[in-house]
Amino acid sequence: MPAVTAENPIDLPRVSAAAESEPRGVLAVSTAPSGFEGEGFPVRRALAGIDYRHLDPFIMMDQMGEVEYAPGEPKGTPWHPHRGFETVTYLIDGTFVHQDSHGGGGVINGGDTQWMTAGSGLLHIEAPPESLVTSGGLFHGLQLWVNLPRKDKMIAPRYQDIAGGQVKLLASADGGTLLRLIAGDIDGHRGPGITHTPITMIHATVSPGAELTLPWRPEFNALAYGLSGRGTAGAEGRPFRMGQAVVFGHGESLTIRADATQESRSPNFEVVLLGGLPIREPMMQYGPFVMNTHAELAQAFEDFQAGRLGTIPAGA
């Protein structure tokens, strides 16, 4: 799980341990169900079953893989529409190609993030490049859906391509954790992602036996998801591991600790940390559309069927 890293994390800027803050307790730990997406690539539904009042402004997150494809096996998704939210695709291993009906998209590699604001709507496709289909190889990543407030639902689509080298690299106060700040801010440091709804997204690599305590905006919610390895959450030490999500309660800081012993295939505890300012508006979802009312969902579906969300480019 290379993503983007640093040769010597102790040389990175440090994040304060937030020792005097009110710690967030753990409200719940849930296990992500497994399924298949698109043409049949395996996913874990990372936030499935969590009450939306704890997720807002996040809608869902899929852990794609981790899977080692044989030659000819890599799969993607066919052309499909989106309206009313943003997709954040964070690739840890492998390569993915995006293309949309407006001529946008691009290639993302391990460590890269592609932030697509669907807004008023478009069609797009996500697929492995032909070279990866031919050779096979390791594929692992995340796709996060972030809601848009009512006022931004119908804005023009937009892409942000965040190369791995643009991610803000930080270290915990004791140097035992590498933090990749993709979006938002933490202790005065800011990630490169530009968001309509204020959020924080971090990929943390916690060394065996290390404890990470981060300051966390009290008005934000707080979630953690285990990508690999195992450890605990909260000052109370609630166990969680790969494929499990943690919902934190109110407070000003959150704590993650890695078990002293990890599996050989997962030498560190890899965790995604998410926080966001709740939108607190009605959220209605029907497949790839996320709106505020049933009438708006019906309109989105009608617009899609009528071709008003775009058409598949010739030759695609």
Heavy atoms, side chains only, cut-off 4.5 Å: are [X] and [Y] in contact?
X      : Y      : value
Arg308 : Glu302 : yes
Phe139 : Ile92  : no
Leu142 : Val272 : yes
Phe248 : Trp216 : no
Gln299 : His294 : no
Leu179 : Leu169 : no
Leu274 : Met61  : yes
Leu214 : Ile202 : yes

Co-membership, hydrophobic cluster, residues [X] and [Y], 4.5 Å side-chain:
X      : Y      : value
Val88  : Leu181 : no
Phe304 : Met284 : yes
Val206 : Val29  : yes
Val167 : Leu227 : yes
Val107 : Trp115 : no

side-chain contact (heavy atoms from CB on, under 4.5 Å) partners of His80, counting only residues at least two apart: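 In terms of side-chain contact (heavy atoms from CB on, under 4.5 Å), with neighbours along the sequence ignored, His80 is linked to Thr77, His82, His124, Glu126.
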For His203 and Tyr90, take the angle between the two ring planes, folded into 0 to 90°, and tell me which bin it lands in: parallel under 30, tilted 30 to 60, perpendicular over 60.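 Ring orientation, 0 to 90° scale: perpendicular.
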Is the backbone of [Y] close enough, under 3.5 Å, to the side chain of [X] for a donor and an acceptor to pair up by distance?
X      : Y      : value
Arg44  : Pro33  : no
Ser172 : Thr177 : yes
Ser101 : Gly310 : no
Arg14  : Ala171 : no
Gln244 : Tyr225 : no
Thr200 : Gly184 : no
Ser266 : Asn268 : no
Glu296 : Asn292 : yes
Asp93  : His140 : no
Asn221 : Asp56  : yes

Reported [atom1]-to-[atom2] distance for the pair [X] and [Y], which is rounded to 0.5 angstrom:
X      : Y      : atom1 : atom2 : result
Glu263 : Met242 : CD    : CE    : 6.5 Å
Arg241 : Arg230 : CZ    : CZ    : 10.5 Å
Met116 : Asp100 : CE    : CG    : 7.5 Å
Tyr159 : His102 : OH    : NE2   : 9.0 Å
Leu148 : Met283 : CG    : CE    : 12.5 Å
Leu212 : Leu273 : CG    : CG    : 6.5 Å

Given the rule in the salt bridge (Lys or Arg N to Asp or Glu O under 4.0 Å) test, do Arg83 and Asp303 qualify, once you have shown the distances and angles that lead to the verdict? CA-CA 10 Å; Arg83 172 181 277 180; Asp303 288 347; 3.0 Å; yes
Quick one: salt bridge (Lys or Arg N to Asp or Glu O under 4.0 Å) pairs with a partner in residues 205-226, sequence neighbours left out?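 Sorted result for residues 205-226: Asp185-Arg217, Glu211-Arg257, Arg217-Glu219.
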I need the full list of salt bridge (Lys or Arg N to Asp or Glu O under 4.0 Å) pairs touching residues 194-205, with sequence neighbours left out, sorted by first then second residue.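 Matches after skipping sequence neighbours: none remain.
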Would you kindly say whether Thr89 and Gln114 are connected by a side-chain donor-acceptor distance under 3.5 Å?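 No, no side-chain donor-acceptor pair sits under 3.5 Å.
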Among side-chain atoms of Glu270 and Ser228, is any donor-acceptor pair under 3.5 angstrom?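 There is no such pair (donor and acceptor under 3.5 Å, judged by atom type) between the side chains of Glu270 and Ser228.
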Decide side-chain contact (heavy atoms from CB on, under 4.5 Å) for Asn147 and Lys153; before the verdict, give the C-alpha distance in whole Å, the side-chain angles of both, and the deciding distance to 0.1 Å. CA-CA 9 Å; Asn147 201 5; Lys153 288 287 188 188; 2.6 Å; yes
Kindly give the heavy-atom pair with the smallest separation between [X] and [Y], and that separation in Å.
X      : Y      : value
Pro208 : Ala258 : CA-CB, 4.2 Å
Leu122 : Pro157 : CD2-CB, 3.6 Å
Leu91  : Ile108 : CD2-O, 3.3 Å
Pro13  : His189 : CB-CE1, 3.8 Å
Phe269 : Thr232 : CE2-N, 4.2 Å
Asp187 : Pro215 : CB-CG, 4.0 Å

Are the aromatic ring centres of Phe58 and Phe85 under 6.0 angstrom apart?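 For Phe58 and Phe85, the ring centres are not under 6.0 Å apart.
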Could you check Glu236 against Arg238 for salt bridge (Lys or Arg N to Asp or Glu O under 4.0 Å), going step by step and ending with a plain yes or no? CA-CA 6 Å; Glu236 65 268 44; Arg238 185 83 172 267; 5.7 Å; no
Test log, rule side-chain contact (heavy atoms from CB on, under 4.5 Å), inputs Ile50 and Val247: CA-CA 8 Å; Ile50 299 173; Val247 178; 3.8 Å; yes
Please check if atom OH in Tyr286 has more than 12 non-hydrogen atoms from other residues, nucleotides or ligands closer than 6.0 Å.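 Incorrect, the count does not exceed 12.
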Verdict with supporting geometry, Phe36 and Val43, side-chain contact (heavy atoms from CB on, under 4.5 Å): CA-CA 6 Å; Phe36 293 92; Val43 298; 5.9 Å; no
Assess the residue pair Arg45 and Asp62 against the criterion (salt bridge (Lys or Arg N to Asp or Glu O under 4.0 Å)); give the C-alpha distance rounded to whole Å, side-chain angles, the decisive distance to 0.1 Å, and a yes or no. CA-CA 5 Å; Arg45 307 292 190 191; Asp62 281 347; 2.5 Å; yes
Can Lys168 and Arg180 be said to form a side-chain contact (heavy atoms from CB on, under 4.5 Å), step by step? CA-CA 6 Å; Lys168 184 68 174 179; Arg180 304 167 186 85; over 6 Å; no
